[in-house]
Participant: 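Mind having a look at this structure? Questions to follow.
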There are 4 protein chains.
Amino acid sequence: MIRFLTAGESHGPALVGIIEGIPSNLPLTAEDINIHLSRRMKGYGRGGRMKIEKDQIEILSGVRFSKTFGAPITFMIRNKDWENWGERMKIEGDGAGIGKISIPRPGHADLIGYLKYRFDDIRPVIDRSSARETATRVAMGSVSRHFLKACGIEIGSHIVALEKIGYPDLEAPSEILEHLVAQGGEALWKKADESEVRCLDKSLEVKMMARIDEAKEAGDTLGGIFEIIVTGLPEGLGSYVQYDRKLDAQLAAAIVSIPAVKGVEIGYGFANAQRPGSKVHDPIILKDGKFSRSTNRAGGTEGSMTTGMPLIIRGAMKPIPTLIDALPSVDLKTMEPIKARVERSDVCALPAASVVGESVVATVIANALLEKFGGDSLEEILERLPKR
Amino acid sequence: MIRFLTAGESHGPALVGIIEGIPSNLPLTAEDINIHLSRRMKGYGRGGRMKIEKDQIEILSGVRFSKTFGAPITFMIRNKDWENWGERMKIEGDGAGIGKISIPRPGHADLIGYLKYRFDDIRPVIDRSSARETATRVAMGSVSRHFLKACGIEIGSHIVALEKIGYPDLEAPSEILEHLVAQGGEALWKKADESEVRCLDKSLEVKMMARIDEAKEAGDTLGGIFEIIVTGLPEGLGSYVQYDRKLDAQLAAAIVSIPAVKGVEIGYGFANAQRPGSKVHDPIILKDGKFSRSTNRAGGTEGSMTTGMPLIIRGAMKPIPTLIDALPSVDLKTMEPIKARVERSDVCALPAASVVGESVVATVIANALLEKFGGDSLEEILERLPKR
Amino acid sequence: MIRFLTAGESHGPALVGIIEGIPSNLPLTAEDINIHLSRRMKGYGRGGRMKIEKDQIEILSGVRFSKTFGAPITFMIRNKDWENWGERMKIEGDGAGIGKISIPRPGHADLIGYLKYRFDDIRPVIDRSSARETATRVAMGSVSRHFLKACGIEIGSHIVALEKIGYPDLEAPSEILEHLVAQGGEALWKKADESEVRCLDKSLEVKMMARIDEAKEAGDTLGGIFEIIVTGLPEGLGSYVQYDRKLDAQLAAAIVSIPAVKGVEIGYGFANAQRPGSKVHDPIILKDGKFSRSTNRAGGTEGSMTTGMPLIIRGAMKPIPTLIDALPSVDLKTMEPIKARVERSDVCALPAASVVGESVVATVIANALLEKFGGDSLEEILERLPKR
Amino acid sequence: MIRFLTAGESHGPALVGIIEGIPSNLPLTAEDINIHLSRRMKGYGRGGRMKIEKDQIEILSGVRFSKTFGAPITFMIRNKDWENWGERMKIEGDGAGIGKISIPRPGHADLIGYLKYRFDDIRPVIDRSSARETATRVAMGSVSRHFLKACGIEIGSHIVALEKIGYPDLEAPSEILEHLVAQGGEALWKKADESEVRCLDKSLEVKMMARIDEAKEAGDTLGGIFEIIVTGLPEGLGSYVQYDRKLDAQLAAAIVSIPAVKGVEIGYGFANAQRPGSKVHDPIILKDGKFSRSTNRAGGTEGSMTTGMPLIIRGAMKPIPTLIDALPSVDLKTMEPIKARVERSDVCALPAASVVGESVVATVIANALLEKFGGDSLEEILERLPKR
């Protein structure tokens, strides 16, 4: 079983993650991870921070001569602007003379975190609850997806809607999506990466970028819906035998654990709920002597197990809560109404969430794979995987 | 921490569940559980099975003189038609002469379960993957909700859409919902229970029932969207500090672990993804000297912690896959195309899923409560809860 | 991963356990379990209770036509004297008129359980903390050991010391033990079962039984040390890469979770601690072209992984705390000193603990096996096991 | 719940650990951790490595202005001789030209790790399975013990036997131990620290050191038995209600997870197994109106819950397997018999294991405390702790 923990603050010295349970003999370099870290930082509508970051992973353990060896892998991402922030997020000292934040931003963890942990300053809440933590999770997930890749499983993603601008019924037309999926998840993310809003449709892309410009102008923010697609899956990962072995449930938790993501569906979950059964389920067919489906409306699972069809998962991201045109709040020092604090922020981080989504899904699937095939080394697992 | 396992087959001798971690001295009787089991069995559009069941819980451990005592609690629900099924689901013997099922139903676990576990008969898949398992989960969850009730926390639910028939924007108007929520989750479920489709709006109810009749006529099935509302929550349950401590994520997993539920949102997750930030976040205000929000579009959590506002969670249920007008499939014995097998089934089980949803959410919240307040006995916990 | 929960009180209606994660297609009947339940009830020096019990398992789920199918397996053991106890351990009612126990027995959970759970009666502590719970654990473990058996792994046990009566240095001489171990764990337990104190040495056996008679006469109780031996293990189960993946640690927890067992060692842990390194470690040799060891003082693990040599684990059981010649205590009602209550009890339950030990070890090893080889069905796992 | 993962190799760039679940507002500095890291490195009979190490913690997250804030805490310990080892444990590159180790040392993870993970070099096994990993665990545990200290709970340890040299019956006489325990666990470890073998008895100390000299001369190694004592515990931590909630079992796993520790006992587990019940159990008495025990032979738990008496746990450490006078082994390249490789090593690391033992026990107890008292901040927990 793969497990991981992440640590680190947005303005602390470094972000750190430890992942363990990855089989031995998997080729792995910092570059395999950095590529996805860099993808997480892109996207039209990001604020100034993204320019500062330029995240680079440092591997501190678990890799030798560019190969894993079964030991826990540690990643460290140094925060480049730590020097500027050193005083405000100092590890030692007593913080004398450092200003405290007392105005919580609606939609963030600010107020509740402050009350829950009995702070006298909102800063520690902001720093750990920041979406910057997802850099670590992208690193963790990139190991898992690298392992999956070695097993023939690829993960891609793209944007189906930015605010109200999206595909009809939120489904990308098959002429846009199908051939990419046929090539595998990697072809999908590479194609989506060509767009600053990770949208496969050029005309939608233009409208999305214009909408971002407009929102920026208005001091507003935007969310939207991303779609993750996993290809090359063997059938039978996950199980129906106990509620917490259900792959659907594990995937849902992973997606909703991404900051600002408040909705998830496997396949066309919400749309299917509004269609009759005769229009929802996927006929079972034989194709080249193997079981297949003539459609994939279920999104690649039945009974919470993979069917071997592409796995489709969608996440709904709310607009970022830090508005330039700030919302009403209360000053915790004076207990007087006041406008919320404005922190440097993005207009829209949906493309980043899409990349984070690819990453968090990877570990869920890698674990389901290990549960079915077991094994301590990559070779041992490859020997057991069904031939294609 | 509360943990539970469920066991039992749809046509086996009994369904059984063990739940442990419930504090001592909580008053509890079989009736407290049976009331929800009976609610799970209702609903317009259920098949013949519901008349057979009449589930009654038998408590086998963990309760003495109508009170818990910290020990694991066991529930058993005997399957009333076990006598008729004894031969087909016999524990002992070799099954000689018992017919095997070889035609999988699209949309069910049938085909993949058969392949994954290397069966020569689909029957064992059908029997464990059946939604009948949710009876046990309702029993488990009913203990947790009974514990929450003693702490002032109540859970209700209702239907916001049956197939395409629902509220505009899928949000029940405040004149229908608000006063019920003000009275607490229990007032909500009791009111919803008055409708056979658990719909609070009489005119929608009529349309929903007509649509069920129509689908039944056509041999088709229907899904929809239910909404769970939890009231009386203290602030600060859940946390943002590590991905798997996020209450949103835990709730998402619980809801999607319900059979046929393929989507979930916290608050108006998908709708909010399609609105600008200025229309989504909830201003922080003071109300009677306490922090509150002027709206609750987030659905009761910020930073994946409870805000103290009502918690709102929605599940999207696909239409039941067993269609009278059956879908194409393949006979696993002959490997020839054939229409899928038809098992006795419901046209629509959405009202039941809504009750199951209330139940699975209960244990997630009870665990978050225990994490914050600790304690071995009900008295110890009540002493620590914030006064209202 | 195999998981299980046990439930039930000593004098409640039934003991129940649910175990899940067992692969499909494993042949299993109630008889496979009952044989070990019956072994647990034997032993020289048991009290009257053992005659009442005659435990028989009832399988309620997870087995069909004498085979597992991947679904959770439920066992129920009805308490035969529930009828006599019905009033005192009634599930419903208010307990009016039922006498309460207020004098805790030193060495039992009585006092602390009463305080921890805020009871007004010690009865609920006695009933759940009773060693009767181990009947359920023997049932759970017997499934795992049955699965291991199908994989060529067998578990046996015997007694090395009853109080002070035992082998020199607590090690059974090789002429007694070696040929049994060579035949496998099953030959060992069958041979040990021939003795009422599970001792392989006839002259020690006589002394042990005499000592039990003597202790009984004196109103005293006796403990001792049992030894579990597992044969047929593949190498490489468990791991050193993270503290909680260490097989030694998992085995230690399992053994010490048996009531009254307060010490455990892997191999000759305590004796080896008092020998120089040159007398402790096992030279690596080649035997028939395979790696082996010329001795097995480590007890079958190195780096907390199985070496392929027999696994040896020992548990130290304290004497049962219920003495006929009772110890000083305090009446919780009057807060006056008083002699402890005397419940019907055994003089020595060491042979039973030895059987329980075999059972709890089984699931730990089965999980380590599944971690290495994965798989959903017995066939899938057998295909992957190294050939012998 | 507190969780942690450790990572890092003996000769890699750094050791890293992440611990999470520690309440907010706990004062914490690097010095609080370094003090125990430094204690781990001491002891008569350590090899050259100890002089190189001089471990110093670097805190990378979770602490601000010398206080925790609920976020995960990261520790990094840089390996000082990484520069010398850089080539052999390089993260990147292909290892061309770097010599491989092919002769496994009996008693270490070498052979089995090599086979399990399918390596062509024993180096990666040696580097992760090295006891150097315990530096990270001491860091992790030191946070937990610092938290416990703030709650009035202290942990100490000392050596009861080094090889055969120890107290009669392995119990320190009360005139040596009792007054230290009365002052608290901290007084105990400070006193033991005054001895290079952590022995409280001067005359034994002299013999132990002489025995180490002798063994060193002979190219041999030594183990022994350490004793951990925890003071200031509230009653009722842990539980009897489910096998894996037993505090005894959790403590046993923690102790046996220390490298080379192959035995553990709670109280005088093995000795008590060889005494009659009348000599083992601790009479319950009233002392100043509170429940107490006239003796503490159980070692501070009953029914696997703390009694409020000092908690006593003992670990048996085998002699270090790396002998100068090396044991027979097999060269994995040539498959020829050969003497085992000799790595720089200690004659005796028992004093270090004793300090590690204090640390691993701390997190088990901190978790049991959090389970009973809950809470997110130190203040919240202190409010709930019983007054003394």
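Keep in mind it's a predicted model, so treat the numbers as computed, not measured. Proteins get letters first, then strands, A, B, ... in listed order; numbering begins at 1 in each.
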Participant: Check for a donor-acceptor pair, side chain of A:Lys318 on one end and backbone N or O of B:Tyr268 on the other, with a separation under 3.5 Å.
Facilitator: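 The answer is no, because no donor-acceptor pair under 3.5 Å joins these two groups.
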Participant: Applying side chain to side chain contact (heavy atoms under 4.5 Å, CB included), run through A:Phe291 and B:Leu115 and close with a yes or a no.
Facilitator: CA-CA 10 Å; A:Phe291 295 107; B:Leu115 297 170; 4.1 Å; yes
Participant: Which heavy atom of B:Ala273 sits nearest to which heavy atom of A:Ile225, and what is that distance?
Facilitator: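 Residues B:Ala273 and A:Ile225, closest heavy atoms: CB-CG1, 4.2 Å.
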Participant: Which pair of non-hydrogen atoms, one from A:Gly277 and one from B:Asp220, has the smallest distance, and what is that distance?
Facilitator: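 Minimum heavy-atom separation between A:Gly277 and B:Asp220: N-OD1, 3.1 Å.
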Participant: List the atom of A:Thr307, the atom of B:Ile112, and the distance in Å for their closest heavy-atom pair.
Facilitator: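 Result for this residue pair: CA-CD1, 3.7 Å.
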Participant: Can you name the residues that form a side chain to side chain donor-acceptor pair (under 3.5 Å) with A:Ser129, not counting sequence neighbours?
Facilitator: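 A:Ser129 satisfies side chain to side chain donor-acceptor pair (under 3.5 Å) with no residue once adjacent residues are dropped.
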Participant: Is B:Leu327 close to chain A through its backbone or its side chain, or both, or neither, when contacts mean heavy atoms under 4.5 Å?
Facilitator: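 Contact with chain A is through the side chain of B:Leu327 alone.
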Participant: Over 60° means perpendicular and under 30° means parallel, so tell me whether A:Phe270 and B:Phe270 are parallel, tilted or perpendicular.
Facilitator: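 The rings of A:Phe270 and B:Phe270 sit tilted, inter-plane angle from 30° to 60°.
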Participant: Without swapping roles, check the side chain of B:Asp248 against the backbone of A:Val256 for a donor-acceptor pair under 3.5 Å.
Facilitator: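 Not at all, since once roles are kept as given, no pair shorter than 3.5 Å links the two residues.
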Participant: Indicate yes or no: at least one non-hydrogen side-chain atom of A:Asp325 is less than 4.5 angstrom from one of B:Ser278.
Facilitator: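 No, too far: nothing below the 4.5 Å cut-off.
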Participant: Relative to chain A, which segment of B:Ala161 carries a heavy atom at a distance below 4.5 Å: side chain, backbone, both, or neither?
Facilitator: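 The side chain, not the backbone.
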Participant: Just give me the residue among A:Asp282, A:Leu5, A:Asp244, A:Leu162 that pairs up with chain B most often, heavy atom to heavy atom, under 4.5 Å.
Facilitator: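 The candidate making the most pairs under 4.5 Å is A:Leu5.
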Participant: What residue in A:Ala109, A:Gly303, A:Gly308 has the most heavy-atom pairs under 4.5 Å with chain B?
Facilitator: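 Greatest number of close heavy-atom pairs with chain B: A:Ala109.
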Participant: With chain B, which of A:Gln242, A:Met317, A:Lys279, A:Lys246 has the greatest number of heavy-atom pairs at distances under 4.5 Å?
Facilitator: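 Option with the top pair count is A:Gln242.
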Participant: With chain B as the partner, which of A:Arg137, A:Arg105, A:Gln250 has the greatest number of non-hydrogen pairs under 4.5 Å?
Facilitator: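 Looking at each option in turn, the highest pair count goes to A:Arg137.
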Participant: Treating B:His281 as the side-chain partner and A:Pro319 as the backbone partner, does any N or O pair qualify as donor plus acceptor under 3.5 Å?
Facilitator: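 Answer holds: yes.
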Participant: For residues A:Tyr240 and B:Pro124, report the shortest heavy-atom separation together with the two atoms involved.
Facilitator: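 Between these two residues, the closest heavy atoms are OH-O, 4.3 Å.
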Participant: Below 4.5 Å, heavy atoms only, C-beta onward: do B:Glu163 and A:Pro276 meet side chain to side chain?
Facilitator: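 Of all side-chain heavy-atom pairs linking A:Pro276 with B:Glu163, at least one is under 4.5 Å.
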Participant: Relative to chain B, which of A:Gly289, A:Gly315, A:Ala249, A:Gly269 shows the most heavy atom pairs under 4.5 Å?
Facilitator: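 Max contact count across the listed options: A:Ala249.
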Participant: Chain A: which of B:Ser239, B:Gly263, B:Gly219, B:Gly223 shares the most heavy-atom pairs with it under 4.5 Å?
Facilitator: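 Ranked by contacts with chain A, first place is B:Gly263.
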Participant: Measure B:Pro321 against the heavy atoms of chain A and call it side chain, backbone, both or neither at under 4.5 Å.
Facilitator: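 Backbone plus side chain of B:Pro321, per the 4.5 Å heavy-atom cut-off to chain A.
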Participant: For A:Glu265, is there any backbone N or O sitting under 3.5 Å from a side-chain donor or acceptor partner on B:Lys262?
Facilitator: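 Pair absent, no side-chain N/O of B:Lys262 close to backbone of A:Glu265.
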